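Data block below; observations after.
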Amino acid sequence: QVQLVESGGGLVQAGGSLKLSCVASGRAISSYGMGWFRQAPGKEREFAAAITWSGVPTLYADSVKGRFTISRDNAKNRVYLQINNLKPEDTAVYYCAIHQGGSFSLASGYAYWGQGTQVTVSS
């Protein structure tokens with residue numbers, strides 16, 4: 001079965017940094033685009049970043065542009081999200097997903113999801 005597992009979340013002060021990781025099993029992701037989404041308490045899941053199968057181009061939500069960097073290592077079947085200058089509003093559960101077609105910025109464009117990793121930013 002296809003499985004995605006995120007890691008790297010934690011409790012960080014505002015202005016700090018985190019690097020999230022996502023490892024896939026059951027499927028090689030080298031031929032697929034990948035995305036990161038996040039969901040804060042009481043809010044719907046929202047798009048954060050996406051990357052094509054080749055690594056170029058990348059796509060970011062306006063709220064994270066300039067602070068988040070998505071990257072991938074197909075040889076290791078992994079995708080990463082580097083988060084810099086964290087803000088309290090970044091607090092959310094972060095999910096990675098495999099793109100299936102259509103829009104890279106909508107959840108409907110993705111077929112498989114991980115369980116999420118919690119990011120909490122204190123002021």
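Remember, predicted model here, so these are calculated numbers, not experimental data.
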First locate atom CG of Asn77, then atom OG of Ser25, and finally report the distance between them rounded to the nearest 0.5 Å.
-> 8.0 Å
Near Glu89 CD, under 6.0 Å, is it more than 12 heavy atoms from other residues, nucleotides or ligands?
-> yes
Evaluation steps, side-chain contact (heavy atoms from CB on, under 4.5 Å), between Asn74 and Ile29 = CA-CA 7 Å; Asn74 287 337; Ile29 65 170; 4.3 Å; yes
For Phe47, look at atom CZ and say whether over 12 heavy atoms of other residues, nucleotides or ligands are found less than 6.0 Å away.
-> yes
Ile83-Val23 co-clustered via ILVMFWY side chain contacts under 4.5 Å | no
Under 3.5 Å, is there a donor-acceptor pair between the side chain of Glu6 and the main chain of Cys96?
-> yes
Applying the 4.5 Å side-chain criterion to the ILVMFWY set and letting contacts propagate, would Leu106 and Tyr32 be lumped into a single cluster?
-> no
Any chance you could measure Thr117, atom OG1, to Arg38, atom CZ, to the nearest 0.5 Å?
-> 14.0 Å
Are Leu4 and Phe104 connected in the hydrophobic side-chain network, where two residues link if heavy atoms are under 4.5 Å apart?
-> no
Working for salt bridge (charged side-chain N to carboxylate O under 4.0 Å, His left out), residues Lys65 and Asp62 | CA-CA 5 Å; Lys65 194 175 301 180; Asp62 288 341; 3.3 Å; yes
Test the Arg72-Tyr80 pair against the cation-pi criterion, namely NZ or CZ under 6.0 angstrom from the six-membered ring centroid and within 45° of the ring axis.
-> no
Atom CZ in Arg78, atom CE in Met34: separation rounded to 0.5 Å?
-> 12.0 Å
In Å and rounded to the nearest 0.5 Å, what is the CG to OG1 distance from Asp90 to Thr120?
-> 11.0 Å
Kindly state whether the ring of His99 and the ring of Tyr110 have centres lying under 6.0 angstrom apart.
-> yes
Can any side-chain N or O of Thr91 pair as donor or acceptor with the backbone N or O of Val121 at less than 3.5 Å?
-> yes
Counting N and O atoms only, with roles assigned by atom type, does the side chain of Asn84 sit under 3.5 Å from a partner on the main chain of Leu18, one being a donor and the other an acceptor?
-> no
Output the distance between atom OG (Ser63) and atom CD (Glu46), rounded to the nearest 0.5 Å.
-> 5.5 Å
Kindly determine whether Ser7 and Leu20 satisfy side-chain contact (heavy atoms from CB on, under 4.5 Å), including the steps that lead there.
-> CA-CA 6 Å; Ser7 62; Leu20 309 183; over 6 Å; no
Look up atom CD in Gln82 and atom OG in Ser17, then write down how far apart they are to the nearest 0.5 Å.
-> 6.0 Å
If you look at every heavy atom in Ser123 and Ala14, which pair is closest and at what distance?
-> CA-CB, 4.4 Å
Just by distance, do the side chain of Gln100 and the backbone of Ser108 share a donor-acceptor pair under 3.5 Å?
-> yes
Any chance you could lay out the side-chain contact (heavy atoms from CB on, under 4.5 Å) test for Arg67 and Lys87, step after step, and finish with the verdict?
-> CA-CA 10 Å; Arg67 299 188 299 116; Lys87 302 177 179 180; 3.9 Å; yes
Under a 4.5 Å side-chain heavy-atom rule over Ile, Leu, Val, Met, Phe, Trp and Tyr, are Ile98 and Val93 clustered together?
-> no
Could you check Thr69 against Tyr60 for side-chain contact (heavy atoms from CB on, under 4.5 Å), going step by step and ending with a plain yes or no?
-> CA-CA 8 Å; Thr69 302; Tyr60 298 94; 3.9 Å; yes
Exactly one candidate in Tyr94, Tyr95, Trp113 meets ring-ring contact (aromatic ring centres under 6.0 Å, His included) with Phe37; the answer is Trp113
